[in-house]
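See below for the structure under consideration.
Whatever order the structure lists ligands and atoms in, that order sets their numbers, starting from 1. Owing to the predicted nature of the structure, the values given are computational and were not obtained by experimental measurement.
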Amino acid sequence: MAGGSIELTGLTKRFGRGGADGGGAGGGGGAGHVAVDNIDLLVPSGEFFSLLGPSGCGKTTTLRLIAGFEQPTAGQILLDGADVSAVPPHKRNVNTVFQSYALFPFLSAFDNVAFGLRHARVTKAELRSRVGAALELVSMSLFATRRPSQLSGGQQQRIALARALVLNPAVLLLDEPLGALDAKLRRTLKVELKALQERVGITFLYVTHDQEEALTMSDRLAVMHDGRIVQIGTPREIYEEPADAYVADFLGAANLMEVSVSQRSDGSTAALKLGDSTLVTSHDCPAAPGETAHAVIRPERVRVEEHGSAGQNRVPALVERVVFLGAATQVMLRLATGASLQALLQNDGDPSRAGLAQGTPVHAYLPPDALRVLPGSPAAALVPAIAAPAPAAAAAPFAG
Ligand code: ATP
């Protein structure tokens with residue numbers, strides 16, 4: 001069936017004093033905690049869209065507002081163009097899948113899936129055929145007679161999905177649905193969920209704090225911070241062109257280095273000072289000469305070269321740690337400034353990798369097209385790692 005579009009305009013939810021808890025829309029003055037802060041978002045029909053952000057950034061509240069479990073303090077929620085603010089949850093053409101599957105323990109898988117349909121008063125034949133199709137969709141036909149306690153976590157989540165899909169919602173809201181599963185199962189179900197969404201063709205709005213989940217499954221995603229949307233884009237756009245240091249940091253494994261900005265000798269673009277080294281970027285620099293800023297580079301773009309290799313954007317470093325990860329090797333480098341830099345090298349048979357032992361002096365090449373200067377600050381958790389002073393032993397070789 002056709003999917004549903006979601007449009008949020010100025011959506012705000014304030015809890016506590018001055019909020020609209022239990023009341024209607026409007027208001028917005030006074031104290032209280034703003035969980036969702038003036039969000040504008042358009043998710044077209046049939047899109048797999050994720051809200052990504054750390055705990056407490058307002059993802060679940062946004063989802064609950066769309067589902068109708070919370071009332072907005074201000075703003076509008078349009079489903080397929082119609083304002084649903086005053087429509088109760090069960091009359092909105094959306095359904096929700098939660099992290100805790102919330103299955104009825106004494107009902108079989110079949111009856112759990114059939115539950116909503118029995119209330120919709122469909123004929124017995126239609127019920128059987130729709131439940132059968134929904135179980136088939138999630139590859140659970142063989143488990144129809146089992147109770148939840150006789151199913152694994154992943155199987156229970158499949159039943160919860162079937163139960164939501166059997167009602168043919170235009171929009172499926174998913175709140176960390178894989179959160180309770182182990183890492184291996186999450187990986188499998190991630191692929192299955194995306195395939196399922198493509199098969200049923202309805203809109204999926206997926207909430208997660210797991211950047212890998214959001215990047216692998218979504219057509220587009222929004223990164224949230226303190227109730228606001230910081231950036232919306234495709235996974236590739238958000239990963240490769242983060243809007244600011246917070247997004248780069250949250251998207252994981254980014255090297256964030258504090259640099260001071262100066263003018264290049266030809267005056268055309270900015271040069272970046274990282275300790276004694278001068279770096280150039282082929283991207284626009286949002287900071288002015290004289291300012292300090294954060295430069296970001298992904299570990300897979302850092303090249304580890306022999307010590308003494310010459311050319312622009314090469315900085316001296318010491319190998320601090322080498323971690324074999326199977327398909328790749330993670331090399332932690334310590335720069336003369338004390339900053340650490342992570343390189344991710346594919347294990348492609350290159351024999352020079354074997355010589356990368358702890359304490360080896362090298363040069364790290366940071367290609368200009370891979371180096372971006374970003375506005376803003378990284379999420380607090382990463383700041384100490386960047387600013388940490390170098391241990392005396394590691395810094396010493398650069399001293400002279
Ligand atoms: P998580 O990933 O931990 O579920 P989240 O991004 O989904 O986090 P929300 O659950 O939307 O975050 O919460 C956003 C903020 O609103 C948090 O600071 C939370 O404490 C607060 N909040 C959520 N629900 C309520 C409530 N019913 N009353 C008061 N404050 C609330």
Problem - N/O separation below 3.5 Å, Thr60 to ligand 1 - result: yes

Problem - Main-chain N/O of Asp111 paired with Ser108 side-chain donor or acceptor, under 3.5 Å - result: yes

Exercise for the section: Would you check the N or O atoms of Ser55, main chain and side chain alike, for any that come under 3.5 Å of an N or O of ligand 1? Expected result: yes

Practice task
Please say whether Thr61 places an N or O atom under 3.5 Å from an N or O atom belonging to ligand 1.
Solution key: yes

Handout entry: Proximity flag Gly53 to ligand 1, non-hydrogen atoms under 4.0 Å
Key = no

Practice task
Examine the side chains of His209 and Glu176 and answer whether a donor and an acceptor come within less than 3.5 Å of each other.
Solution key: yes

Handout entry: Glu176, portion touching ligand 1 at heavy-atom distance under 4.0 Å
Key = side chain

Problem - Asp83 versus Ser85, side-chain donor and acceptor atoms under 3.5 Å - result: yes

Handout entry: Salt-bridge contact Arg372-Glu240 (side-chain N to carboxylate O under 4.0 Å)
Key = no

Handout entry: CD (Glu291) with more than 12 external heavy atoms under 6.0 Å
Key = yes

Exercise for the section: Look only at interatomic distance and state if Ala35 has a nitrogen or oxygen under 3.5 Å from any nitrogen or oxygen of ligand 1. Expected result: no

Practice task
Report yes if Phe15 has an N/O atom closer than 3.5 Å to an N/O atom of ligand 1; otherwise report no.
Solution key: no

Handout entry: Residues Glu237 and Arg220 bridged, charged N to O under 4.0 Å
Key = no

Handout entry: Side-chain ion pair, Asp182 and Arg187, N-O less than 4.0 Å
Key = no

Fill in the blank from the handout: Candidates His33, Arg14, Lys13; heavy atom nearest atom 15 (C) of ligand 1 found on His33

Exercise for the section: Consider ligand 1: state whether an atom of it lies below 4.0 angstrom from any non-hydrogen atom of Pro54. Expected result: yes

Completion exercise
Looking at Arg64, Lys59, His225, the heavy atom closest to atom 2 (O) of ligand 1 belongs to Lys59

